[in-house]
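Numbers restart at 1 for each chain; the letters A, B, ... are given by sequence-line order, proteins then strands.
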Amino acid sequence: MTADTTGVQTETTSASETNTTTQTSSNFIKTIINEDLKNNKNGGRVQTRFPPEPNGYLHIGHAKSICLNFGLAKEYPGGKCNLRFDDTNPTKEDVEYVDSIQEDVRWLGFDWENRLYFASDYFEKLYGFAVELIKQGKAYVCSLTGDQVREHRGTLTQPGKDSPDRDRSIADNLDLFARMRAGEFADGTYTLRAKIDMSSPNINMRDPAVYRIRRFHHHRTGDAWCIYPMYDFAHCFSDMLEGITHSICTLEFEDHRPLYDWFLDQVKVPCHPQQIEFARLNLSYTMMSKRKLLELVKTQTVAGWDDPRMPTIAGMRRRGYMPESIRAFCEAIGVAKANSMVDMGLLESCVRDELNKHAQRIMAVVKPLKIVIENYPEGKVEEVDGINNPEDPTAGSRKIPFSREVYIDQDDFREVPPKGYYRLSPGKEIRLKFAYYITCQKVIKDEKTGEIIELRCTYDPASRGGTTADMRKVKGTSHWVSAQHAVEAEVRLYDHLFSTPNPAEAEDWKSILNPKSLEVIHNCKVEPGMRNAVAGTRVQFERTGYFCVDSDSKPGKPVFNRTVGLRDTWAKIEKFQKG
RNA sequence: UGGGACGUCGCCAAGUGGUAAGGCACCUGCCUUUGGAGCAGGUAUUCCCAGGUUCGAAUCCUGGCGUCCCAGCCA
């Protein structure tokens, strides 16, 4: 929810009193746009674009750009944001990616309406601009090989040398360029280059390539072209053709801005978009390079682009993240020009925050420990009322079966309780949430291994529902599942894919893969209502974490992905105690 | 030692000459049938460093230091 143009925040009518009106914070791009608006620079228009190359799945870094570009369009009256595929390199691109990208942008909650564009739609016009450049003597066909171009380019501290073809006649350039398009030359034999300045301190201005010959089937234009424009040339003209006012990109393109402006300055154009650069997102413990993510997929290090450990939008969706969480995260991190590394904890906090408001609570025991309640009648079954979501009264309640034998989590019992532990231990009383108080009477162990296999307890019949008339304090509360009613489930626990905070720095990412990034647990016990849970359903396992039903689930055999754990104060205390 | 950027609390980040927002994390209490959530409070005498201008500087000037990006016929 955004503030309206008068600056008055919209009142929420939501039943929960949570404040969902967020004052979107200021950033340098808004300052620029405000200034432009004040000066009526683009006739009061604000038009941005999100320009992905369809060569991989979108990741959380793209989400930052999507939220920025579409968010700006939403925030300014009449603002628009286009979705444009920057598909100028057919060797790396694929329709699988153009489809997934659209799905992901939509899922994130953004709409490009009828403004879906492809740079490849502009190939004919782009060719025309190139011809125009040649006619003005500002571009030439160069026959240098890749190695020779590199040698001629000079270095960071030394100027380059002119190509021997630099002064080719306009007529010859026109002829050669037409023949390049016609397919008369082999790949790599010629390029079209802009004639700028081989001694420029900005290497991008040293006669950059504009077109290269590449016989490769394009996912949209098929085999219509064998020459393809370079990014610098295609991007600025695409922006111009769409009437983009603010062309927002990442920091590494800062050096390209003079070139962006140069191209647009050479031809007569109706508008000249302004390129603005911001710092891309870096997230601790994750890798954002599309090349490396593709490698993870190809080597089957992960199960696919949508593996819940991947930083992709598809992965996060499968993991159980809500689009609202990702948007909140992108708002929280801000937009600036300083290179930075955002703590994964912030993302997780945004994920919990949203799920806390919406996820239904259920009883689920991930690592079961059996309890027999000796004074509870055999064969008796009661139904207790479970509150579905304490944060949302409208979510109501449900009936949960209770019986003589129940499972609790192994973590909720300690034979020798450490200091400060107030869960179950021999002789101690705790509450089984929504049900009864129980007291541990006996610990049964495997004679050979010494492993605790069962607990014998007694219950207080007067504590039904979880309170007693004497109002005695029972601090510990455990979740539980009735043994005879339990549904067996598979649970997948995820941890960081990488074991170091900045995987991008590693010389070999394979060496820093976290071997415990996925832990699969079978024979988990969940309450009967989850028997045929629909894939994509997000729930909270009481006291444990948020989980999402995975698409691998079968009827009667649900599979849950742990989206994120609950904040665990006790784990922190215990960790501190152990040093 | 070419060019382009950036340096404000542990991590992000506002601030644009008038006396350091906010979020995450952290620390106190309170509350609690989730050791969850919620509520209340606390945490930068100081903005990379050093000089200077000014009544007044994170903001302006000068000089340092540090970090990032650029030598694809990738985007």
Side-chain angles (χ1 to χ4, degrees), chain A residues 17-18 23 25-28 31 51-53 55 86 88-89 91-92 142 144-146 149-150 153-160 187-193 199-206 208-214 227-228 230-232 234-235 249-258 277 279 281 284 290-291 328-329 331-350 352-353 356-357 361 387 390-391 420-423 431-435 437 465-467 474-479 540-545 565-573:
Chain A
E17 286 290 7
T18 51
Q23 177 86 47
S25 61
S26 177
N27 63 51
F28 77 100
T31 304
E53 182 190 14
N55 67 343
D86 216 338
T88 58
N89 183 358
T91 65
K92 292 186 176 172
C142 178
L144 254 29
T145 64
V149 168
R150 199 174 310 125
R153 189 153 28 226
T155 67
L156 293 177
T157 51
Q158 292 170 325
D187 287 16
T189 49
Y190 287 107
T191 56
L192 181 72
R193 293 224 264 161
S199 63
S200 172
N202 180 347
I203 290 178
N204 296 297
M205 300 299 271
R206 319 240 262 227
V210 175
Y211 269 89
R212 75 283 215 190
I213 303 173
R214 264 243 206 318
I227 58 171
Y228 291 95
M230 300 291 292
Y231 164 85
D232 289 300
H235 204 86
C249 62
T250 43
L251 249 30
E252 66 270 27
F253 292 102
E254 226 155 9
D255 288 342
H256 294 239
R257 193 169 62 225
E277 311 84 12
L281 170 68
S284 60
K290 275 205 259 182
R291 205 199 89 238
F329 171 72
E331 183 58 39
I333 58 178
V335 178
K337 295 195 69 158
N339 285 311
S340 60
M341 170 76 71
V342 175
D343 192 329
M344 187 64 174
L346 177 58
L347 212 209
E348 293 178 342
S349 167
C350 293
R352 285 193 195 98
D353 191 50
N356 176 48
K357 293 181 230 166
R361 275 55 172 169
I387 295 166
E391 303 299 315
Y421 186 85
Y422 53 75
R423 274 115 95 149
R431 169 170 38 237
L432 293 180
K433 187 156 180 157
F434 304 135
Y437 292 174
T467 48
V474 173
K475 197 161 188 193
T477 300
S478 281
H479 52 98
Q540 183 198 93
F541 285 7
E542 288 268 5
R543 304 202 314 126
T544 306
L566 246 32
R567 221 175 129 236
D568 192 345
T569 307
W570 167 247
K572 212 179 294 170
I573 293 168

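A close approach under 4.0 Å does occur between a side-chain nitrogen or oxygen of A/T88 and OP1 or OP2 of B/A75. OP1 or OP2 of B/G36 lies within a sub-4.0 Å distance of a side-chain N or O belonging to A/T569. Phosphate contact (OP1/OP2 of B/U34, side-chain N/O of A/S478, threshold under 4.0 Å): absent. Note on A/R257: every side-chain N or O is 4.0 Å or more away from OP1 and OP2 of B/C70. Taking only side-chain nitrogens and oxygens, A/R206 never comes nearer than 4.0 Å to OP1 or OP2 of B/G3. Phosphate proximity of B/A13 to A/S340: present, with a side-chain N or O under 4.0 Å from OP1 or OP2. Residue A/R214 places at least one side-chain N or O closer than 4.0 Å to OP1 or OP2 of B/C74.
Within 4.0 Å (heavy atoms only), A/L144 reaches at least one base atom of the nucleic acid. Residue contacts for A/V474: at a heavy-atom cut-off of 4.0 Å it reaches no nucleic acid atom on any strand shown. As judged by a 4.0 angstrom heavy-atom cut-off over every strand, A/G476 is placed among residues making no nucleic acid contact. Residue A/P51 is out of contact with every strand shown, counting any heavy-atom pair closer than 4.0 Å. Base contact: A/T157 has a heavy atom under 4.0 Å from a base atom. Heavy atoms of A/R431 sit under 4.0 angstrom from at least one base atom. Residue A/S26 is in sugar-phosphate contact alone, with no base atom involved, counting any heavy-atom pair closer than 4.0 Å across all strands shown. As judged by a 4.0 angstrom heavy-atom cut-off over every strand, A/Y211 is placed among residues making no nucleic acid contact. Contacts of A/Q540 with the nucleic acid, taken as non-hydrogen atoms under 4.0 Å apart, include base atoms. Counting non-hydrogen atoms under 4.0 angstrom, A/S349 reaches the backbone sugars and phosphates but no base. Using a 4.0 Å heavy-atom distance criterion, A/D255 is classed as a base contact. A/H235 comes within 4.0 angstrom of nothing in the nucleic acid, heavy atoms only.
Residue A/T477 holds its OG1 atom at 7.0 Å from NZ of A/K433, rounded to the nearest 0.5 Å. Distance CG/A/L432 to NE2/A/H479: 10.5 Å, rounded to 0.5 Å. Of the inter-residue distances, the one linking A/S349 atom OG with A/R567 atom CZ reads 9.5 Å to the nearest 0.5 angstrom. Interatomic distance, CD1 of A/I213 versus OG1 of A/T189, reported as 4.0 Å (0.5 Å rounding).
With B/G3, B/G35, B/C68 as the candidates, the nucleotide lying closest to the side chain of A/D568 is B/G35. Of all nucleotides listed (B/A75, B/C73, B/C12), B/C12 comes nearest to the side chain of A/I333. In the set B/C70, B/C74, B/U34, the nucleotide with an atom closest to the side chain of A/M230 is B/C74. Checked against B/G23, B/A5, B/G35, the side chain of A/K337 finds its nearest nucleotide in B/A5. Between B/C69, B/C68, B/G23, one nucleotide has an atom nearer to the side chain of A/N339 than all others, and that is B/C68. Here the side chain of A/E254 is nearest to one of B/G2, B/G36, B/A5, namely B/A5. Among B/G35, B/C68, B/A37, the nucleotide with an atom closest to any side-chain atom of A/N356 is B/A37. Taking every side-chain heavy atom of A/R150 into account, B/G72 is the closest of B/G72, B/G15, B/A75. Listed candidates were B/A75, B/A25, B/U34. Nearest to the side chain of A/F253 is B/A75. Closest contact between the side chain of A/T477 and the listed nucleotides B/G35, B/C12, B/G23 involves B/G35.
The number of heavy atoms from other shown groups lying within 6.0 Å of CD1 (A/I203) is above 12.
Remark: B/C60 base-pairs with B/G52. Criterion, Watson-Crick or G-U wobble with two distances under 3.5 Å. Across all strands shown, nothing is found opposite B/G72 as a Watson-Crick or G-U wobble partner with both distances under 3.5 Å. Remark: B/U67 base-pairs with B/A5; criterion is Watson-Crick or G-U wobble with both hydrogen-bond distances under 3.5 Å. Using the Watson-Crick or G-U wobble rule with both distances under 3.5 Å, B/U16 pairs with nothing in any strand shown. Applying the Watson-Crick and G-U wobble criteria (two distances, each under 3.5 Å), B/U34 pairs with nothing in any strand. Remark: B/C24 base-pairs with B/G10. Criterion, Watson-Crick or G-U wobble with two distances under 3.5 Å. Pairing for B/A44 is absent, with no Watson-Crick or G-U wobble pair whose two atom distances lie under 3.5 Å.
B/C12 and B/A44 have their C1' atoms separated by 15 Å, given to the nearest Å. The same atom, P, is picked in B/C60 and in B/A5; the two are 15 Å apart, to the nearest Å. Between B/C68 and B/C48, the two C1' atoms lie 15 Å apart (nearest whole Å). Here, B/G29 and B/G36 have their P atoms 14 Å apart, quoted to the whole Å. Comparing the C1' positions of B/G35 and B/C30 gives an interatomic distance of 15 Å, to the nearest angstrom. Spacing of P atoms, B/G22 relative to B/A14, comes out at 15 Å, to the nearest Å. Going from the P atom of B/U45 to that of B/U32 covers 37 Å, rounded to whole Å. For B/A25 and B/A20, the P atoms lie 27 Å apart once the distance is rounded to whole Å.
A donor N or O paired with an acceptor N or O is not found under 3.5 Å between the base of B/G36 and the side-chain atoms of A/R352. Put simply, the side chain of A/Y422 and the base of B/G35 share a donor and an acceptor less than 3.5 Å apart. One can find a donor-acceptor pair under 3.5 Å joining the base of B/G36 and the side-chain atoms of A/E391.
In textbook terms, a nucleotide whose glycosidic angle is within 90° of 0 is syn, while B/G22, being further out, is anti.
The residue among A/F541 and A/M341 whose nearest nucleotide of RNA chain B lies closer to the 5′ end is A/M341. Of the two residues near RNA chain B, A/K572 and A/A435, the one whose nearest nucleotide lies more 5' is A/K572.
One finds no salt bridge joining A/K92 and A/E53 here, because no Lys/Arg side-chain nitrogen approaches an Asp/Glu carboxylate oxygen to under 4.0 Å.
Not a single donor-acceptor pair under 3.5 Å links the side chain of A/D255 to the backbone N or O of A/N202. Remark: side-chain polar atoms of A/R361 are not paired, donor with acceptor, to backbone N or O of A/P390 under 3.5 angstrom. Side-chain N or O atoms of A/R214 include none that pairs as donor or acceptor with a backbone N or O of A/D187 at under 3.5 Å.
Stacking of the aromatic ring of A/W570 onto the base of B/G35 is found: the ring centres lie under 5.5 Å apart and the planes are inclined by under 30°.
Taking the six-membered ring where tryptophan is involved, the planes of A/H256 and A/Y231 are perpendicular, since the angle between them exceeds 60° and thus also 30°.
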